[in-house]
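Here, residue 1 is the first one in the sequence, and each next residue gets the next number. Read the numbers this way: they start at 1 and go in the same order the structure lists the ligands and their atoms.
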Amino acid sequence: MSPEIISLGEPLLEFNANQTGPLRNVRSYEVGWGGDTSNFAIAVSRLGGDAGYVCRIGDDDFGAAFLALWAAEGVDTSQVIVEPGGKTGIYFISRTADDHQFTYYRQGSAASHFSPADVPEAYLAEAKLVHTSGISQAISNASCDAVFRAVEIARDAGVLVCYDPNVRLKLWDLPRARAIVLETIRQADFVLPSLEDAVLITGMEDPSEIVAWLLSLGPKAVLLKLGAEGALLGSQAGMEEIAGFEVELVDATGAGDTFDAAFAVAYLRGEELADCARFANAAAALVTTGPGAVAPIPRRQQVENLLKNSSPSRT
Ligand code: KDG
């Protein structure tokens, strides 16, 4: 039996600077976990969903650490391929007062060798939702082809496709990112871009125009993530602003991944799109209250508490 929600991409070990400023001045790091789609799978599981992860990892210590993490988090790894001699990618987070930056060491990683022949067809076809991202497509041509193969399998089997463009221009150039991301949006059911990514991909500035245009490409729903402001939800039923939650910001890394996961979990629970977006806003807000991508991912009860006890910052 496959898990209900399967995510596909690259895990990265995370080194989060313990002080602000450029990496050359940093003397110590908090070691954590990253990789947008791995963050997503862990968030699905913490939020009460049934998660599986698909990737290649190295047979190094970092790969072993990820396998142990996923097992502890209840994420199914039956289809994870451990590559003999392969390397698991890593990244560093540096911060200024109000922003963060990623520096990657991932070229030639095991995950970048993931190819269409590695895509587990029956596993994906038995799921309810498959999630992937622009990062999974940007890391190599083989991985990009594999993502399209996974999307094709999901669509043929009537499995929902959830997609976060997660544009990282350190990994590919803008014309290629645009072409690939727009083609994937055409094939996805749910598209969840940040405003920054959507502006890059569409060349538009206005959130409502962006959502309307992306919807015209075919997805059932677009959730434009607006950070602390919440999200703009667009579907056949129209457009709705879903207010965010005011919390004390520590580090926004991974907030978008948890937003995506919370949306997917709530949707498969049968909630209305607007309620899914509220749940996602609350879960994402909680992630920003702690350092790193994974440590602060909340459990479902914490999200319910925030939804119950605090009013959204804007309506
Ligand atoms: O969304 C957070 C991710 O960006 C982070 O965990 C690192 O996957 C990562 C990437 O490729 O940027």
Side-chain angles (χ1 to χ4, degrees), residues 7-17 23 29-44 46 53-58 62-63 65-66 69-70 73 75 87-95 99-112 114 131-140 143-144 147 162-173 177 180-181 192-198 200 223 225 227 231 249-264 280 283-298:
S7 177
L8 190 147
E10 174 164 35
L12 297 171
L13 207 76
E14 177 184 271
F15 294 85
N16 199 343
L23 289 182
Y29 298 90
E30 192 67 39
V31 180
W33 314 98
D36 60 339
T37 50
S38 169
N39 303 339
F40 173 97
I42 293 165
V44 164
R46 286 202 193 162
Y53 194 53
V54 172
C55 71
R56 265 181 182 264
I57 51 168
F62 294 160
F66 264 109
L69 170 76
W70 293 321
E73 295 285 349
V75 175
K87 300 254 177 292
T88 304
I90 65 173
Y91 76 118
F92 295 83
I93 306 178
S94 50
R95 274 191 308 280
D99 203 6
H100 63 254
Q101 261 228 323
F102 299 143
T103 301
Y104 302 118
Y105 289 82
R106 69 195 312 179
Q107 219 175 353
S109 67
S112 70
F114 193 78
H131 174 80
T132 192
S133 80
I135 293 175
S136 312
Q137 296 169 306
I139 55 176
S140 69
S143 183
C144 186
V147 167
C162 182
Y163 179 63
D164 187 334
N166 254 346
V167 179
R168 300 285 185 272
L169 293 179
K170 285 186 174 169
L171 300 178
W172 55 359
D173 59 50
I180 300 286
V181 165
L192 303 97
S194 67
L195 177 60
E196 199 185 344
D197 288 351
L200 279 173
L223 286 104
K225 292 177 273 193
L249 173 80
V250 173
D251 177 7
T253 308
D257 309 330
T258 290
F259 181 102
D260 302 348
F263 171 81
L286 289 170
V287 171
T288 68
T289 62
V294 165
I297 295 174

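A 4.5 Å side-chain heavy-atom check between Leu200 and Val181 finds every atom pair outside the cut-off. A heavy-atom distance below 4.5 Å is found between the side chains of Val54 and Phe114. Side-chain contact between Ser38 and Phe66: present, with at least one pair of heavy atoms (C-beta onward) separated by less than 4.5 Å.
Among protein heavy atoms, atom 2 (C) of ligand 1 sits closest to Asp257 OD2, 3.2 Å. Nearest protein heavy-atom contact of atom 8 (O) of ligand 1 is Asp36 N, 2.8 Å. When hydrogens are left out, the protein atom nearest atom 4 (O) of ligand 1 is Arg168 NH2, 2.7 Å; that is the closest non-hydrogen contact.
Distances between N or O atoms of Asn166 and those of ligand 1 include no value under 3.5 Å. Considering backbone and side-chain atoms alike, Tyr91 places an N or O below 3.5 Å from some N or O of ligand 1. Here's the thing with Gly34: none of its N/O atoms is less than 3.5 angstrom from an N/O atom of ligand 1.
In this structure, a donor-acceptor pair under 3.5 Å is absent between the side chains of Glu10 and Tyr104.
Taking a 4.0 Å cut-off on heavy atoms, Gly256 fails to register as neighbouring ligand 1.
If you look at Thr37 next to ligand 1, there are no close heavy atoms at all, none under 4.0 Å. With a 4.0 Å cut-off on non-hydrogen atoms, Arg106 touches ligand 1 through its side chain and not its backbone. Under 4.0 angstrom from ligand 1, the non-hydrogen atoms of Asn39 all belong to its side chain.
Note on ring orientation: taking the six-membered ring where Trp is involved, the planes of Phe102 and Tyr91 are perpendicular (angle over 60°, cut-offs 30° and 60°). Ring planes of Tyr29 and Phe15: perpendicular class, angle over 60° (limits at 30 and 60°).
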_Full working for side chain to side chain contact (heavy atoms under 4.5 Å, CB included) between Leu13 and Val31_ = CA-CA 7 Å; Leu13 207 76; Val31 180; 4.0 Å; yes
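Short contacts between ligand 1 and Tyr104, defined as distances under 4.0 Å to a heavy atom of the residue, involve ligand atoms 10 (C), 11 (O), 12 (O).
Between Tyr105 and Phe92, the ring centre distance stays below 6.0 Å.
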